[in-house]
Amino acid sequence: MSQSVIIDGKHLADQLKSEIAVEVKKMIDQGYNPPHLAAILVGEDPASETYVNSKEKACKEVGFISSIYRFESGIGEKKLLETIDFLNNDEEIDGFIVQLPLPEDISVDKVLERIKPSKDVDGFHPVNIGKMVINMPCYLPATPNGILQIIEKYKIPTEGKNCVVLGRSNIVGTPISILLSRKGYPGNATVTLCHSKTIGLKEICRNADILIAAIGQPEFVKADMVKEGAVVIDVGIHRIADSSKKSGFRLIGDVDFSKVSLKTSMISPVPGGVGPLTIVSLLQNTLKAARKEIYK
Ligand code: NDP
C-alpha cells in the first residue's frame with residue numbers, strides 16, 4: 001500500500017489565517033474597527049493558559065483585537081455570570097469565549113446559556129447548537145468546524161462512507177457526528193457515535209472509512225482497530241513527560257500514530273493536525289460576528 005498522507009493542519013491554518021488577515025485589512029480600510037475577541041480564563045490550569053495564549057497570539061497574527069479577563073478559581077458563579085453580562089453588553093467586543101474547564105462550583109450549562117448567541121463564537125450556546133442541528137446559519141463549534149475544513153481541503157469523500165466517531169462530548173463528538181450526517185458535503189456519511197458504554201468498539205472501528213478519535217485517552221486507537229486505507233482524524237491532546245524536550249513534555253493524541261499511520265490512507269498528527277484548525281475556526285466565527293453575518 002502507498003504511504004499515508006499526513007494532514008498538515010498547521011499549513012492549512014496558516015493559509016486560512018492569511019485569508020482572514022486580508023478581510024481584516026479590508027474592514028479597516030473601509031473605516032471599521034478590527035474584530036475584537038475576548039476570553040474569560042478562570043483559575044490556573046496550565047493547558048487552559050496555553051490555549052488562551054495561543055488564541056491571543058492568533059488574534060495578533062490576523063489583526064484582531066484581543067482581551068483576556070483573568071479570574072482566580074474562587075471567583076464564584078455569580079461574579080462570572082456578571083462578567084458575561086458585561087461582555088454581552090459591551091459593544092466594543094464582537095465575540096467572547098469562556099475557557100473550559102471551570103471550577104466545580106460553577107455550572108458550565110448556566111455559563112454557556114448566559115452568553116448571548118450572537119457573541120457565542122465558540123458555538124456552544126444551545127441556540128447555536130440547535131441551529132447547527134437543523135442546518136440554519138450559526139456559529140459552528142470550533143473543533144468540529146476545523147475537522148470539516150480538513151475534510152474539504154483534503155477532498156476526503158464523505159458521501160455514503162461509514163464514519164465512526166469515538167467520544168460524545170458536547171464540544172466535539174456529538175456535533176461532528178451531526179455535521180457529517182447532514183445533507184451535503186462534507187456530510188451524507190453514515191455515522192456511528194461511540195462512547196464508554198459501546199459494545200464491540202473494536203469491530204465498529206474496523207468498519208470505519210473515516211475514524212474520528214475524540215475520546216481523551218492517550219493512544220487509545222491501535223492499528224488493529226483500523227481498516228486498511230481508512231482516514232483517521234485524531235482530536236485528542238495529551239501532555240506526556242519527556243525529558244528530552246525543553247518544555248519537559250510532548251504532545252500525543254488519542255491514536256497510536258506510529259503504528260496506525262502504516263495502515264491509513266490519510267491521518268492527522270498530534271500536534272499539527274486538528275488543533276491549529278480549532279483556533280482558526282474561532283477566528284472565522286469572530287470575523288462573522290464582527291460583520292454581523294449570522295445575527296443582524
Ligand atoms: P471528553 O473528555 O469530554 O469525553 C470523552 C468521551 O470519550 C466521552 O463521550 C466518553 O464516553 C468517551 N470515552 C472515554 N473513554 C472511553 C472508552 N474507553 N471507550 C469508549 N468511549 C470512551 O471529550 P472531549 O471531546 O472534550 O475531548 C476529547 C479529547 O480531545 C481530549 O484529549 C481533549 O483534550 C481533546 N480536545 C482537543 C481539541 C483540539 O482543538 N484539538 C479541542 C477539544 C478537545 P462517555 O460519554 O460514556 O463518558
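Each residue takes its place number in the sequence, starting with 1. For ligands, and for the atoms within them, numbers begin at 1 and follow the listed sequence.
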Chemist: As an exercise, state the distance from CG of Leu201 to OG1 of Thr192, rounded to the nearest 0.5 Å.
Modeler: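 Between Leu201 CG and Thr192 OG1, I get 10.5 Å after rounding to 0.5 Å.
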Chemist: Got the closest protein heavy atom to atom 8 (C) of ligand 1, with its distance?
Modeler: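 Closest protein heavy atom to atom 8 (C) of ligand 1: Arg168 N, 3.9 Å.
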Chemist: Looking only at protein heavy atoms, which one is nearest to atom 6 (C) of ligand 1, and how far off is it?
Modeler: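 Checked against all protein heavy atoms, atom 6 (C) of ligand 1 sits closest to Gly167 CA, 3.6 Å.
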Chemist: With heavy atoms of Gln217 as the reference, note each atom of ligand 1 found under 4.0 Å away.
Modeler: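 Near Gln217, the atoms of ligand 1 are 14 (C), 15 (N).
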Chemist: Nearest protein heavy-atom contact for atom 18 (N) of ligand 1: which residue, which atom, what distance?
Modeler: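 Nearest neighbour among protein heavy atoms for atom 18 (N) of ligand 1, to 0.1 Å: Phe220 CE1, 3.4 Å.
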Chemist: At a 4.0 Å threshold, what atoms of ligand 1 neighbour a non-hydrogen atom of His238?
Modeler: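 Here the atoms of ligand 1 in question are 32 (O).
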Chemist: Under a 4.0 angstrom heavy-atom cut-off, which atoms of ligand 1 come close to Thr143?
Modeler: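 Within the 4.0 Å cut-off of Thr143, ligand 1 contributes 40 (O), 42 (C).
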Chemist: Counting N and O atoms only, with roles assigned by atom type, does the side chain of Asp122 sit under 3.5 Å from a partner on the main chain of Ile97, one being a donor and the other an acceptor?
Modeler: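 Not confirmed, Asp122 side chain does not pair with Ile97 backbone.
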Chemist: Less than 3.5 Å between some nitrogen or oxygen of Val235 and one of ligand 1, yes or no?
Modeler: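 Checking ligand 1 against Val235, an N or O pair does fall under 3.5 Å apart.
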Chemist: Should Ala214 be listed as contacting ligand 1, given a heavy-atom distance under 4.0 Å as the test?
Modeler: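 Ala214 counts as a contact of ligand 1 under the 4.0 Å cut-off.
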Chemist: Any side-chain to backbone donor/acceptor pair from His195 onto Arg168? Under 3.5 Å, distance only.
Modeler: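 No, the answer is negative, given that no donor and acceptor are paired below the 3.5 Å cut-off.
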Chemist: Could you list which atoms of ligand 1 come closer than 4.0 Å to a heavy atom of Thr278?
Modeler: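 Here the atoms of ligand 1 in question are 39 (C), 40 (O).
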Chemist: Under 3.5 Å, is there a donor-acceptor pair between the side chain of Thr190 and the main chain of Asn162?
Modeler: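 Not at all, since once roles are kept as given, no pair shorter than 3.5 Å links the two residues.
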Chemist: Strictly inside 4.0 angstrom of atom 36 (N) of ligand 1, do you find any protein heavy atom?
Modeler: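 There is a protein heavy atom less than 4.0 Å from atom 36 (N) of ligand 1.
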Chemist: Measure the CD1-NZ distance between Ile84 and Lys119 for me, rounded to the nearest 0.5 Å.
Modeler: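 Spacing of CD1 (Ile84) from NZ (Lys119) equals 12.0 Å.
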Chemist: Answer yes or no: does an N/O atom from Lys197 fall short of 3.5 Å to an N/O atom of ligand 1?
Modeler: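 In fact, backbone or side chain, Lys197 has no N or O that close.
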Chemist: Please check this pair: side chain of Lys222 against backbone of Glu219, looking for a donor-acceptor N/O pair closer than 3.5 Å.
Modeler: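 Looks like yes, one N/O pair under 3.5 Å.
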Chemist: Backbone N or O of Ala142 within a donor-acceptor pair of the Thr278 side chain at under 3.5 Å?
Modeler: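 No: the side chain of Thr278 does not pair with the backbone of Ala142.
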Chemist: Could you tell me if any non-hydrogen atom of Ile171 lies under 4.0 Å from any atom of ligand 1?
Modeler: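 A heavy atom of Ile171 does come that close to ligand 1.
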Chemist: Indicate yes or no: does Arg206 engage Glu228 in a salt bridge with an N to O separation below 4.0 Å.
Modeler: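 Result for this pair is no, no salt bridge flagged.
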Chemist: Decide yes or no on salt bridge (charged side-chain N to carboxylate O under 4.0 Å, His left out) for Glu23 and Lys26, but give the supporting numbers first.
Modeler: CA-CA 5 Å; Glu23 295 306 313; Lys26 274 191 211 157; 3.2 Å; yes
Chemist: Tell me: protein heavy atom nearest atom 20 (C) of ligand 1, and distance?
Modeler: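 Ranking protein heavy atoms by distance from atom 20 (C) of ligand 1, first comes His195 O, 3.1 Å.
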Chemist: Do Tyr295 and Tyr139 have their ring centres less than 6.0 Å from each other?
Modeler: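 They qualify: ring centres under 6.0 Å apart.
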Chemist: Which of the listed options, Ala142, Ser169, Ser196, holds the heavy atom that is closest to atom 3 (O) of ligand 1?
Modeler: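 Residue with the shortest heavy-atom distance to the ligand atom: Ser169.
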Chemist: Write out the residue and atom name of the closest protein heavy atom to atom 31 (C) of ligand 1, then the distance separating them to 0.1 Å.
Modeler: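 It is Gly216 CA, 3.7 Å.
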Chemist: Please could you name the atoms of ligand 1 that Gly236 approaches to less than 4.0 Å, counting only its heavy atoms?
Modeler: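 In order of numbering, the contacting atoms are 29 (C), 30 (O), 32 (O), 35 (C).
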Chemist: CG/Asn145 to CE/Met132 distance, rounded to the nearest 0.5 angstrom?
Modeler: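 CE of Met132 is found 10.5 Å from CG of Asn145.
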Chemist: Has Tyr154 got a side-chain atom pairing as donor or acceptor with Asp8's backbone, closer than 3.5 angstrom?
Modeler: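 Yes; at least one donor-acceptor contact below 3.5 Å.
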Chemist: Report, in ascending order of atom number, the atoms of ligand 1 lying under 4.0 Å from any heavy atom of Val172.
Modeler: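 By the 4.0 Å cutoff, the relevant atoms are 25 (O), 43 (C).
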Chemist: Please state whether Leu166 comes within less than 4.0 angstrom of ligand 1, counting heavy atoms only.
Modeler: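 Per 4.0 Å heavy-atom rule, Leu166 does not contact ligand 1.
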Chemist: Just by modelled atom types, is the Ala289 backbone N or O under 3.5 Å from a matching donor or acceptor in the Asp94 side chain?
Modeler: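 Flag not set: sc Asp94 to bb Ala289 has no pair under 3.5 Å.
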Chemist: Any atoms of ligand 1 less than 4.0 Å from a non-hydrogen atom of Gly275? List them with their elements.
Modeler: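 Answer for ligand 1: 40 (O), 41 (N).
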Chemist: For atom 13 (N) of ligand 1, what is the nearest protein heavy atom, given as residue, atom name and distance?
Modeler: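 Here the closest protein heavy atom is Ile215 CG1, 3.4 Å.
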Chemist: Could you tell me whether atom 27 (O) of ligand 1 has a protein heavy atom closer than 4.0 Å?
Modeler: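 It does not: no protein heavy atom is found less than 4.0 Å away from atom 27 (O) of ligand 1.
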Chemist: Quick one: which ligand 1 atoms are inside 4.0 Å of a heavy atom on Ile237?
Modeler: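 Those qualifying, in numeric order: 32 (O), 34 (O), 35 (C), 37 (C), 39 (C), 41 (N).
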